[in-house]
4 protein chains.
Amino acid sequence: MARGVNKVILVGNLGADPEMRHTGGGTAVTTLNVATSESWTDKQSGEKVEKTEWHRVKMFGRLAEIAGDYLKKGRQVYIEGSLRTDKYTGKDGIERYSTDIIASEMQMLGGNDGGGGGQRSQGGGQRQGGGNYGGPSRGNDQGASRSSPPPADNGFADDEIPF
Amino acid sequence: MARGVNKVILVGNLGADPEMRHTGGGTAVTTLNVATSESWTDKQSGEKVEKTEWHRVKMFGRLAEIAGDYLKKGRQVYIEGSLRTDKYTGKDGIERYSTDIIASEMQMLGGNDGGGGGQRSQGGGQRQGGGNYGGPSRGNDQGASRSSPPPADNGFADDEIPF
Amino acid sequence: MARGVNKVILVGNLGADPEMRHTGGGTAVTTLNVATSESWTDKQSGEKVEKTEWHRVKMFGRLAEIAGDYLKKGRQVYIEGSLRTDKYTGKDGIERYSTDIIASEMQMLGGNDGGGGGQRSQGGGQRQGGGNYGGPSRGNDQGASRSSPPPADNGFADDEIPF
Amino acid sequence: MARGVNKVILVGNLGADPEMRHTGGGTAVTTLNVATSESWTDKQSGEKVEKTEWHRVKMFGRLAEIAGDYLKKGRQVYIEGSLRTDKYTGKDGIERYSTDIIASEMQMLGGNDGGGGGQRSQGGGQRQGGGNYGGPSRGNDQGASRSSPPPADNGFADDEIPF
DNA sequence: TTTT
DNA sequence: TTTT
C-alpha cells in the first residue's frame, strides 16, 4: 500500500569500481557512482559543451553482490530505482540533505568485456517493506571519479542497518 | 536473470469497469481498458485535435483483485508493466499479433470518489522469474538482506497458467 | 547528442503551494515540493509504518508558469524530469551537494478541484537539444484518421503516409 | 495539452537491420525490431526457461535517419517512446489491431563496434502535436554551474541564472 | 469506451 | 530475428 510513484531510470557508466561492504548482519551493500552525460553545441559560441551528471546508487542484498562481483569502472549499466534523501546534521549544526538512488533493478549493458555481460538482477524491494529502514549511510560511496564526493562528515554511523 | 528492459508507464482513465475473472486454479485475472489522450491545435487548420490511445492492461493475483474491487469506469490510474505480444492464428489461417500490457504495479489516482482512492499495489512479479509464469511468486526476490519483506499477502497459489 | 539516460518519474502530492519567481531575463522558475509516500505493515511489530519522501522539483518557462498558476498545496501531480546535483561550498568551506529534479513534463492528476485539472505541459526539452532537429514532422501523428493502416506483418506498402 | 501519460522504455537488441524508407514528403521512417528477453529457472521442472518479447519500434525524421545509418542487427539500444495501436480491417472484414512503439528517443548502447556507439537522439516530439507548443524554453535548465546553456533555439534570453 |  |  502506498500513495505515489518514486522512480528513477538511469543508463550510464561507472566512474569507479563498485564499493561493496557488508553490514553487521551480513547484508551486502554496494555503492555505484554512475555518470550520465549529454553534450551539445552551444548556439552562441558554437563550441561543443558537455555536462556530466553523477549519481550515487546504492543497492542491497543479492543485487549488491552481483554488482560488486561483475561491475567495473567504465562499465555501462541500466539502473532502476527510487530516490531517497537523507537528512543529517552537520558539525556546524546545520541540517543538510543527501540524495541517493536506491536501486531495485540493474542491468549490465554492452558486450561481455571483463566479467559479466548480460546479467540482470532485481533487488529485494526494500523500498516497499523498509522494515528497519531508517539508518542513514555514512560516506560509503564517493567514487574516484567524483570530483568531490559527498561530505564525509555526514556524521552518522551505521553499524548494522544498511542505511 | 535476463537481458533487456521492457517497461510501460501509463497514466490514464478507465473506459469501462474492470473485467475480472478467475482461472481454474483460482487466480484472479483482471483486464482494464485505459485511455491516454492528448490534444493540440493543428498548425495549419488551427483546429483543436484530440487523439486517444486505448490500452489493454492485464493483471493477475492480488493486483487483479484490488483492481477488480476498487476501480471503476472513468477512474484515473497509474499503471506500470511490460509489453506482451501474443501471436495467434486466425480462422483464415493468417498469423496475427495482439499486444497487452501486463501490469506489475497499479496506483489509483485522484480523489476518494467511490471505492478506493489512494490505494497502491504491486504485482507478484511474475515477469521476473516467477517460475512458469503466473507461477506463484511467493517469496521471490526479497533480498537476503530483507529483515522484513514487503507486505505481500500475495501468496496465492495458482497451478494454472493465467494466460 | 549524449550518452546516458537520466530520468525521474514521480506521482505525488504537493506539500505546499508552488513557489514561482522570475529571472532577470523574465523566465519563470517554479519550485515544487512533492511527497511520495508508501506504507506497509511491519512484519515483526505488526505496526503500520509510513515513510514519506520529499522531492524538490524545479521547472522553467511555460511549464513553470502553468505550475505556478494551476497547482496548489495538496494537489496530486505526475512529474517527469531528470536529476541534477549542484555542488556548493558552505560557509564552513566544506563542499556539499544538493539534488533537484528538473521537470520536463508535468501532468495534474485527479479531479478539477480548484484551479486546473487535466492540464499537461511539456518543457522545452532543452536538455536534449531540440536545437537543429528541424526534422519535418509531416505525416506524423495522424493515425486517428487512419481507417486501415499497417498490414499483417512489417511488410507494409504505403506510399506517402509514414504509418 | 493533454491528459495522460503513455510511455514505453526498452533496452534490447535488434533482431535485424533497421528498415528505413522515406515518405513522399521526404520524411525518413525507420522501423526496428527489438528483442527484450528474460530467463529464469522453472521452479518445478528446474529447467531454464527463456522468453523473448519482440517489439516493433518506429521512428521518424532525424531520429529515423540516425537509426538507419548507425544501427545494425544485434546492436543493443535504449528506446523511449509511446504506444500506438492502429486499427485496420482485414480482407475478411474483421477489425484487428496492431501495436507499435513510436520512439521519441533512442540511445545506442554498448561499445563502438561498427558505426556509432554512444549516439543519442531525440525525436521531434510529434506525439505531442508540436502544434502551438511554442512555449519558449530558452534559458531553462542551465544551472548555476552550467557553463553554457542547452541548444535551445526556442527563443528567450535570460541573462540571469534561473536558480 | 475514458478524461478535460 | 537479437542477445547471454
Side-chain angles (χ1 to χ4, degrees), chain A residues 70 78 107-121, chain B residues 1-6 10-19 31-40 48-57 71-79 85 87 109-111 113, chain C residues 66 70 78 107-121 153-155, chain D residues 1-6 10-19 31-40 48-57 71-79 85 87 109-111 113:
Chain A
Y70 293 102
Y78 167 90
Q107 164 102 30
M108 305 182 204
L109 303 175
N112 236 16
D113 44 45
Q119 310 284 343
R120 183 209 209 170
S121 313
Chain B
M1 252 167 293
R3 185 170 184 83
V5 172
N6 173 3
L10 300 179
V11 173
N13 296 81
L14 270 67
D17 285 343
E19 295 179 28
T31 302
L32 306 179
N33 224 336
V34 177
T36 57
S37 57
E38 42 185 330
S39 62
W40 66 92
K48 200 181 168 189
V49 194
E50 172 151 9
K51 187 174 190 306
T52 296
E53 199 64 42
W54 288 97
H55 311 271
R56 187 168 59 212
V57 178
L71 289 180
K72 285 199 177 144
K73 177 177 176 175
R75 182 92 198 219
Q76 194 178 29
V77 285
Y78 168 89
I79 296 286
T85 298
K87 187 178 13 178
L109 304 175
D113 45 46
Chain C
I66 294 173
Y70 293 103
Y78 168 89
Q107 165 103 31
M108 304 182 205
L109 304 175
N112 235 17
D113 45 44
Q119 310 285 345
R120 184 210 208 165
S121 312
D153 303 29
N154 295 4
Chain D
M1 249 168 294
R3 186 170 185 84
V5 172
N6 173 1
L10 301 178
V11 173
N13 296 81
L14 270 67
D17 285 342
E19 294 179 29
T31 303
L32 307 179
N33 224 335
V34 177
T36 57
S37 57
E38 42 185 331
S39 62
W40 65 90
K48 200 182 169 189
V49 194
E50 172 152 8
K51 185 173 192 309
T52 296
E53 199 64 43
W54 288 98
H55 311 272
R56 187 168 58 211
V57 178
L71 289 179
K72 285 197 178 148
K73 176 176 175 175
R75 182 92 198 221
Q76 193 178 30
V77 285
Y78 167 90
I79 296 286
T85 298
K87 185 175 22 176
L109 303 176
D113 44 45

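Lettering of chains follows the sequences in order, A, B, ..., and the numbering in each one begins at 1.
Atom P of nucleotide F:dT2 and atom NE2 of D:H55 are separated by 15 Å, given to the nearest angstrom. D:L10 has its CG atom 20 Å from the P atom of F:dT1, to the nearest Å. Per the geometry, CG belonging to D:N13 stands 5 Å off C1' belonging to F:dT2, to the nearest Å. Spacing between atom CD of D:E50 and atom P of F:dT3 amounts to 12 Å, rounded to whole angstrom units. Distance CZ (B:R3) to C1' (F:dT2): 9 Å, rounded to an integer number of Å. Protein atom NZ of B:K48 is 11 Å distant from nucleotide atom C1' of E:dT3, rounded to whole Å. In this structure, B:L109 atom CG and E:dT2 atom C1' are separated by 14 Å, rounded to whole Å. Residue C:I66 contributes atom CD1, which lies 18 Å from atom P of E:dT4 at whole-angstrom precision.
Salt bridge status for B:K48 with B:E50: absent, with no side-chain N to carboxylate O gap under 4.0 Å.
For D:K73, the side-chain atoms get nearest to F:dT2 when compared with the rest of E:dT1, F:dT2, E:dT4. Of all nucleotides listed (F:dT2, E:dT3, E:dT2), E:dT2 comes nearest to the side chain of B:W54. Proximity note for D:A35 (side chain, C-beta onward) versus F:dT4, E:dT3, F:dT2: the nearest is F:dT2.
Base engagement by B:T52 is indicated by at least one non-hydrogen atom pair under 4.0 Å involving a base atom.
D:Q76 contributes no side-chain N or O that, together with a main-chain N or O of D:G12, makes up a donor-acceptor pair within less than 3.5 Å.
Going from atom CG of D:L109 over to atom CZ of D:R75 covers 7.5 Å, rounded to the nearest 0.5 Å.
Shown are B:N33, B:T36, B:V34; of these, the side-chain contact (heavy atoms from CB on, under 4.5 Å) with B:W54 is made only by B:N33.
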